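Letters A, B, ... mirror the listed sequences (proteins, then strands); counts begin at 1. Computed from a predicted model, the values in this text were never measured in an experiment.
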There are 2 protein chains.
Amino acid sequence: MKEKATSFDIAYLAGVSQSTVSRALRNSPQVNKETRDKVQAIARQLNYKVDKNASNLRKQRSSTLALLLFEDPTTDESLINPFFLSMLGSITRACAQRGQDLLVSFQQLSDDWHADYEDTKKADGIILLGYGDYEDYEEKLDKLLAQETHFVCWGADVEGHPDFTIRSNNRQGGRLAGEHLLSLGHQHFAFIGNASAGSPEFNQRFLGFSDALQQAGIRHDAIAQFNAISTEQAGQLAVQNLLDSGKAVDAIFCASDLIAIGVMQGIQQRGLQVPDDIAVMGFDDIPVASYTTPPLSTIQQDTSLAGEMLVENLLRLVNNQPIETNQIEPKIVIRTSCGTASKG
Amino acid sequence: MKEKATSFDIAYLAGVSQSTVSRALRNSPQVNKETRDKVQAIARQLNYKVDKNASNLRKQRSSTLALLLFEDPTTDESLINPFFLSMLGSITRACAQRGQDLLVSFQQLSDDWHADYEDTKKADGIILLGYGDYEDYEEKLDKLLAQETHFVCWGADVEGHPDFTIRSNNRQGGRLAGEHLLSLGHQHFAFIGNASAGSPEFNQRFLGFSDALQQAGIRHDAIAQFNAISTEQAGQLAVQNLLDSGKAVDAIFCASDLIAIGVMQGIQQRGLQVPDDIAVMGFDDIPVASYTTPPLSTIQQDTSLAGEMLVENLLRLVNNQPIETNQIEPKIVIRTSCGTASKG
DNA sequence: CTGAAAGCGCTTACAG
DNA sequence: CTGAAAGCGCTTACAG
């Protein structure tokens with residue numbers, strides 16, 4: 001096996017033309033079954049593999065998708081958000097199932113992050129994943145749109161956003177959290193996480209949370225809110241501020257599990273108990289969530305479905321087909337961080 | 001920007017030949033600076049990007065590396081070992097730094113897992129990552145070797161293994177764990193993790209552990225050993241067996257953090273305390289390790305360095321250069337799961 | 001320093 | 001059902 005075999009080698013051995021080899025290899029129905037079998041047998045024997053560069057060049061298609069993970073530059077670059085990691089797993093699987101290769105790249109928001117994947121013909125489309133500040137990257141999305149790049153983006157359901165955004169029903173997730181906390185008898189609530197236009201996903205979660213509490217007669221401005229990006233450190237800091245503020249709190253809904261983990265640590269450092277003194281609820285259901293002390297009750301985003309949907313929809317875009325669904329429904333996962341029995 | 005510009009378009013606009021455009025774009029020193037600047041300016045203006053399929057086809061090089069993550073089929077397929085996830089992060093970064101693209105794929109051991117990446121010219125080389133049973137995939141490695149595929153593999157330092165294996169000094173890591181546990185005054189030791197030829201990495205850790213204990217006069221066969229693959233469940237099960245066995249134990253060294261987490265849970269379920277009743281030590285230092293209760297003391301493998309080394313060495317292989325180093329040194333990370341003060 | 005030409009290995013009209 | 005031919009968009013000897 002010194003030199004790699006080409007379709008011409010097979011043609012020669014099979015006594016047919018190279019065109020026929022090409023057709024036979026792709027199981028074209030217009031080639032005689034006998035010829036086809038013969039060609040395929042020889043190909044197997046030669047351990048022949050189609051040269052993707054050549055076929056992509058000719059077809060002007062790469063059967064490759066690019067995944068761009070961009071992270072908030074403020075986070076420690078060695079630590080990737082576990083939620084995205086799960087996504088990566090499911091995206092990889094979804095691609096494999098559809099015969100697509102997956103090019104992966106991490107980018108800081110500051111970089112020329114669309115990275116020319118489609119321009120260079122390395123990928124047919126791009127999947128964008130990131131928890132950056134929405135306002136920062138909106139402009140980049142517009143640019144991609146202007147360039148007619150095929151892409152989908154995991155993100156928030158902000159208005160004016162076209163089909164390319166796939167997301168959780170964050171507002172509904174927030175509602176679920178609020179209802180659960182309410183059902184457990186908690187009365188004084190806080191939300192920890194950014195709640196601005198720059199973080200529409202977090203904001204939606206906050207709004208949903210507020211929806212639920214409103215049903216119970218709790219006004220939106222009665223909910224203490226402290227900003228935090230999606231890191232443990234930010235959560236820890238925010239809860240310290242909350243505790244220092246002297247506000248009465250017995251239940252905190254955190255915009256992400258990472259925040260929730262920091263919040264629980266912050267609470268425990270003050271000598272308070274979770275959930276006895278303060279209940280803590282997360283969002284995402286990252287793998288760590290079940291290992292914390294106490295195990296974290298949280299709102300699960302089905303990353304497996306999300307990955308499928310991202311890949312599926314991107315492929316539709318690439319093929320000029322309409323997109324069908326672009327939202328997944330969150331589910332509550334009850335562990336013990338919010339308490340179990342009803343409180344007085 | 002209807003049609004993508006080609007080098008011919010630029011040539012036309014610049015009034016030079018297409019060959020010159022190609023050279024200018026790659027900063028060839030043999031083209032006049034003026035010409036070069038002019039060509040590059042036009043290229044930028046046209047938002048021109050080299051078609052990778054064409055250039056790869058011509059160069060017979062892809063500037064792409066493939067990462068194959070193969071997992072033990074017995075593990076839950078939705079959960080990827082966090083250690084590998086960290087590796088993935090550092091490999092991605094290392095590739096980006098060297099201008100390489102990264103194709104990612106997860107495979108079950110059962111699949112035709114080398115997946116023809118190099119055969120199809122999609123990648124110049126392959127990085128193999130996995131915690132499968134070594135004996136199962138040894139044959140596949142041999143096949144790759146026979147096909148003269150360029151690849152490196154994160155794995156064990158078993159004898160007869162050529163350069164393509166990059167690994168931690170697992171034995172040294174085991175020693176570190178043993179010395180630490182000894183220094184804390186523990187006396188009755190157990191090792192939880194597979195200790196057979198199929199898991200050479202775990203086995204090396206066990207051996208190193210045993211080395212250290214031997215220094216203190218503890219015989220190898222005085223160490224209780226229970227098998228476990230690298231999952232929480234396996235760890236939990238194994239420690240139950242250990243506890244049921246009635247053997248005296250006050251310190252357990254686990255072959256991986258995942259196992260250690262399960263072990264701590266198993267211990268706590270019996271109403272025993274970590275580290276007061278039994279100290280627990282892990283291996284890997286995955287992100288969760290600092291979140292467990294108590295935070296896990298463990299042996300850290302520098303995934304950042306490991307990723308670098310994997311990429312660097314693969315590139316050397318691709319370019320027929322000799323490999324320099326293929327081992328990283330582990331480091332102990334002391335948290336609280338082994339106790340802090342010396343025991344009576 | 002620049003250009004004309006060949007060719008990387010395919011796929012796909014076109015013709016039969 | 002099959003073949004001859006063109007061409008995808010580059011890079012790189014070769015010649016000047």
Side-chain angles (χ1 to χ4, degrees), chain A residues 3-40 42-43 46-64 99 101 116 118-124, chain B residues 2-40 42-43 46-64 99 101 116-124:
Chain A
E3 293 295 310
K4 276 218 149 118
T6 73
S7 52
F8 283 94
D9 299 326
I10 300 177
Y12 176 77
L13 290 173
V16 296
S17 76
Q18 182 267 341
S19 334
T20 299
V21 170
S22 176
R23 291 191 190 97
L25 256 20
R26 276 168 303 112
N27 279 315
S28 166
Q30 46 167 329
V31 29
N32 187 337
K33 183 168 178 353
E34 263 173 65
T35 323
R36 202 193 320 156
D37 291 346
K38 186 170 165 197
V39 167
Q40 295 189 348
I42 295 176
L46 258 48
N47 199 18
Y48 169 81
K49 296 286 151 42
V50 172
D51 183 314
K52 283 292 176 185
N53 290 131
S55 76
N56 289 346
L57 174 59
R58 180 54 232 249
K59 287 193 293 188
Q60 297 294 71
R61 262 284 209 139
S62 68
S63 290
T64 300
D101 283 313
D116 312 317
E118 190 169 342
D119 286 347
T120 57
K121 305 274 178 64
K122 287 190 291 196
D124 299 327
Chain B
K2 256 48 293 228
E3 293 294 312
K4 289 243 133 101
T6 72
S7 52
F8 283 93
D9 299 325
I10 298 177
Y12 176 77
L13 290 173
V16 296
S17 76
Q18 182 268 341
S19 333
T20 300
V21 170
S22 177
R23 290 190 192 100
L25 257 19
R26 277 168 302 111
N27 280 314
S28 165
Q30 46 168 329
V31 31
N32 187 338
K33 183 167 177 353
E34 263 173 64
T35 322
R36 203 195 316 158
D37 290 346
K38 186 169 166 197
V39 167
Q40 294 189 349
I42 296 176
L46 258 47
N47 200 18
Y48 169 81
K49 297 285 152 46
V50 172
D51 184 314
K52 283 293 178 185
N53 289 133
S55 76
N56 289 347
L57 174 58
R58 179 54 233 249
K59 286 192 295 190
Q60 297 293 73
R61 259 284 208 138
S62 68
S63 290
T64 300
D101 284 311
D116 312 318
Y117 281 108
E118 190 169 344
D119 287 347
T120 58
K121 304 273 176 69
K122 289 190 290 195
D124 299 328

Inset, instruction - Mind checking Gln30(A) for me? I need base, sugar-phosphate or nothing, with any heavy atom below 4.0 Å counting as a touch. - result: base
Legend entry - Nucleotide nearest Thr6(A) (side chain, heavy atoms from C-beta), chosen from dC8(D), dG9(C), dA13(D): dG9(C)
Legend entry - Candidates dT12(D), dG9(C), dT2(C) - which lies nearest the side chain of Thr35(B): dT2(C)
Legend entry - Nearest listed nucleotide, side chain of Ser17(A), among dC10(D), dG3(D), dA4(C): dG3(D)
Legend entry - Which residue lies more 5' along DNA chain C, comparing Lys59(B) with Asn32(B) via nearest heavy atoms: Asn32(B)
Inset, instruction - Using atom NZ of Lys38(B) as one end and atom C1' of dC1(C) as the other, report the distance to the nearest whole Å. - result: 15 Å
Inset, instruction - Round to the nearest Å and state the distance from Phe8(A) atom CZ to dG7(C) atom P. - result: 12 Å
Inset, instruction - Take Ala54(B) and Arg23(B), find for each the nucleotide of DNA chain D with the closest heavy atom, and name the residue whose nucleotide sits nearer the 5' end. - result: Ala54(B)
Legend entry - Nucleotide dA6(C), atom C1' - distance to CD of Gln60(B) in whole Å: 14 Å
Legend entry - Separation of the C1' atoms in dG16(D) and dT12(D), to the nearest angstrom: 16 Å
Legend entry - Side chain of Thr20(A) (C-beta onward), nearest among dT2(D), dC10(D), dC8(D): dT2(D)
Legend entry - Worked verdict on Ser22(A) versus Arg26(A) for side-chain hydrogen bond (donor to acceptor under 3.5 Å, both in side chains): CA-CA 7 Å; Ser22(A) 176; Arg26(A) 276 168 303 112; 3.0 Å; yes
Legend entry - Euclidean distance, Asn27(A) CG relative to Lys33(A) NZ, rounded to 0.5 Å: 10.0 Å
Legend entry - Worked verdict on Asn56(A) versus Asn56(B) for side chain to side chain contact (heavy atoms under 4.5 Å, CB included): CA-CA 11 Å; Asn56(A) 289 346; Asn56(B) 289 347; over 6 Å; no
Inset, instruction - Would you name the heavy atoms of Tyr48(A) and Thr6(A) that are closest together and state the gap between them? - result: CE1-C, 3.6 Å
Inset, instruction - Check every strand shown and say whether Ser22(A) touches a base, only sugar-phosphate, or nothing at a heavy-atom separation below 4.0 Å. - result: base
Inset, instruction - Find the distance Glu34(B):CD to dC1(C):P and express it as a whole number of Å. - result: 11 Å
Inset, instruction - May I ask you to decide if Ser62(B)'s main-chain N or O and Asp124(B)'s side chain share a donor-acceptor pair within less than 3.5 Å? - result: yes
Legend entry - Closest-nucleotide 5' rank along DNA chain D - winner of Tyr48(B) and Gly15(A): Gly15(A)
Inset, instruction - Could you state the atom-to-atom distance from OH of Tyr12(A) to P of dT2(D) in whole Å? - result: 20 Å
Inset, instruction - Would you indicate which nucleotide in dC8(D), dT2(D), dC8(C) comes nearest to any side-chain atom of Arg58(A)? - result: dC8(D)
Inset, instruction - Output the single nucleotide from dT11(D), dC8(C), dC10(C) whose closest atom is nearest the side chain of Val50(B). - result: dT11(D)
Inset, instruction - Just name whichever nucleotide pairs with dC1(D), Watson-Crick or G-U, keeping both distances under 3.5 Å, else none. - result: dG16(C)
Legend entry - Val39(B) side chain reached by Val31(B) side chain, heavy atoms, under 4.5 Å: no
Legend entry - dA5(C) to dC1(C) separation - P atoms, rounded to the nearest Å: 24 Å
Inset, instruction - Using heavy atoms to find the nearest nucleotide of DNA chain C for Arg26(A) and Val16(B) separately, return the residue whose nucleotide is more 5′. - result: Val16(B)
Legend entry - Gln18(A) side chain near dA5(D) phosphate (N/O to OP1/OP2, under 4.0 Å): no
Inset, instruction - Could you state the atom-to-atom distance from NZ of Lys52(A) to C1' of dC10(C) in whole Å? - result: 11 Å
Inset, instruction - With heavy atoms under 4.0 Å as the rule, sort Ser19(B) into base, sugar-phosphate or nothing. - result: base
Inset, instruction - Would you mind reading off the distance between Leu57(B) atom CG and dC8(D) atom P, rounded to a whole angstrom? - result: 13 Å
Inset, instruction - Using whole Å, report how far CD1 of Ile10(A) lies from P of dT11(C). - result: 11 Å
